[in-house]
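Mind having a look at this structure? Questions to follow.
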2 protein chains.
Amino acid sequence: MPKQVDHRRRRETIARALWRVVEQRGVTQLTMRVVAQEAGMSLGQLQHYFASRTAMLSFAMDFASEQTSARIRRGLEKLGERPHPRDVLQVTLAEMLPLHADARATSRMSAAYALEALHDDAVHEQARHGIAQGRTLVEQLVRQAIADGHIDTDRDPATETNLLLALTGFTPLIELDVIEPQDALTAIDAHLDRLFRSAVERRPHFSVE
Amino acid sequence: MPKQVDHRRRRETIARALWRVVEQRGVTQLTMRVVAQEAGMSLGQLQHYFASRTAMLSFAMDFASEQTSARIRRGLEKLGERPHPRDVLQVTLAEMLPLHADARATSRMSAAYALEALHDDAVHEQARHGIAQGRTLVEQLVRQAIADGHIDTDRDPATETNLLLALTGFTPLIELDVIEPQDALTAIDAHLDRLFRSAVERRPHFSVE
């Protein structure tokens, strides 16, 4: 195996070990020593791949984002060519919720990371940048949907984008068993239905009522 | 000072010290030793008030919930007697966002607690129970607003309640500087406007269009 690939694989193995520590033991246990143990290597070996806890955490978070993006991409491929923007948003939002093991691991990792960001400027900037990029993509999609007549022109694209992003607020509610996964998906569907139906609803003369 | 009151005050002092640790140093530092230091007491003195880290965390979370409820109550009092349900929801949602120091401290505490809940059944149950109670209150309010004609009868109360709760998803987005506090409030207003306007919109004959 080329050395570069091997290096990357080892780092991914460490990132997954880190996720398991977050998931099973909590961020309190998130030290390099514990992660090394979980990854089945010595602290010295771990330090060969990551010079610091922050560097390790930063990679684990990037890797979590990549995995989430890859899951969304696979979901979108199933929609075929030129998918409807409503379906794109539905797949994207659903993949961000902790509805299966992979999504749970990455969403817990993100929650831990957001908490670290509160008292670490480098982590804060990395987290902000990643989410802001995702936000830009969603806003582009909303603007295009308005231009294409799928969403009513009186909807403000920035506000609608912010509301869509806020729906990731279902994550802790699902994790804490306050809201069932199916009920969260139903609520997201209702929100999207109204967002996309608005373009039709604004034409009362065509109403069947 | 009566002994009971003094005991309670000391526990509140400890809880506030714990919040500061979460806010300034992160959950990784959340040990009894660090909290004792932050509260200006010995580990032995702290253990006089809390037998375990979990007991301390549990009290700090209850206290955070109480403080949030008190802030919401004070906000509602300003609305006068028989406030409009839209205003009640607006005040409640706004007070749950990290828009000022008190709200930030309690919301960071809640985020840390939600993360602890993932690998501690007792914490999970306490967190679930607290949020589920809040959810019930919101659903009662939504049902009453439907009964009183403020919200259209074709809106499903459970789904609308879930969407309102999901809007707490603005918290990490504000904390990470992805969304400005004012833009989050604007988005919440837009959501509430549509929820409450729906009762009128459904009557096309009275439309001015």
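Proteins come first, then strands; the chains are lettered A, B, ... in the order of their sequence lines, and each starts at number 1.
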Has the side chain of T68(B) got a donor or acceptor atom that lies under 3.5 Å from a matching backbone atom of A64(B)?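 Confirmed, T68(B) side chain pairs with A64(B) backbone.
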Ignoring hydrogens and geometry, is there a side-chain-to-backbone donor-acceptor pair from D152(B) to D154(B) under 3.5 Å?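 Yes, the answer is positive, given that a donor and an acceptor are paired below the 3.5 Å cut-off.
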Should D193(A) and R86(A) count as an ion pair when the cut-off is N to O under 4.0 Å?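 Salt bridge: yes.
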Could you look at A111(A) and say if it's the side chain, the backbone, both or neither that has a heavy atom under 4.5 Å from chain B?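 Both backbone and side chain of A111(A) come within 4.5 Å of chain B.
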For the interface with chain B, which of T171(A), V22(A), L176(A) has the highest count of heavy-atom pairs at distances below 4.5 Å?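 The option with the most such pairs is L176(A).
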What part of L165(B) is in contact with chain A, defined as an atom under 4.5 angstrom from a non-hydrogen atom: side chain, backbone, both or neither?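 Both parts, backbone and side chain.
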Taking the side chain from Q45(B) and the backbone from S42(B), do they hold a donor-acceptor pair closer than 3.5 Å?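 Yes: the side chain of Q45(B) pairs with the backbone of S42(B).
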With respect to chain A, which residue among R128(B), E175(B), H129(B) yields the maximal number of heavy-atom pairs within a distance under 4.5 Å?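 Most heavy-atom pairs under 4.5 Å with chain A: R128(B).
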Ring-face cation of R11(B) near F59(B) (centre distance under 6.0 Å, axis angle within 45°):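 Ring-cation test returns yes.
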What part of R104(B) lies closer than 4.5 angstrom to a heavy atom of chain A: side chain, backbone, both or neither?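 Looking at R104(B), nothing touches chain A.
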R74(B) side chain near V91(B) side chain, heavy-atom distance below 4.5 Å: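 No, side chains not in contact.
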Give, as side chain, backbone, both or neither, the part of R25(B) having an atom under 4.5 angstrom from any heavy atom of chain A.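 Only the backbone of R25(B) comes within 4.5 Å of chain A.
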Non-hydrogen atoms of chain A under 4.5 Å away: do they reach the side chain of L115(B), the backbone, both or neither?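 For L115(B), the side chain is the part near chain A, not the backbone.
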With only heavy atoms counted, which part of A112(B) is less than 4.5 Å from chain A, the side chain, the backbone, both or neither?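 Both parts, backbone and side chain.
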Checking E95(A) side chain against A103(A) main chain: does a donor-acceptor pair fall under 3.5 Å?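 Flag not set: sc E95(A) to bb A103(A) has no pair under 3.5 Å.
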Is there side-chain contact between R53(A) and E116(A), with heavy atoms separated by less than 4.5 Å?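 SC-SC contact between R53(A) and E116(A) confirmed.
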Part of I179(B) within contact of chain A (heavy atom distance under 4.5 Å):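 For I179(B), side-chain heavy atoms alone lie under 4.5 Å from chain A.
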Top of I131(B), T159(B), N162(B), D156(B) for chain A proximity - count of heavy-atom pairs under 4.5 angstrom: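 With the most close heavy-atom pairs to chain A, the winner is N162(B).
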E160(B) portion near chain A, given a 4.5 angstrom heavy-atom threshold: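 For E160(B), the side chain is the part near chain A, not the backbone.
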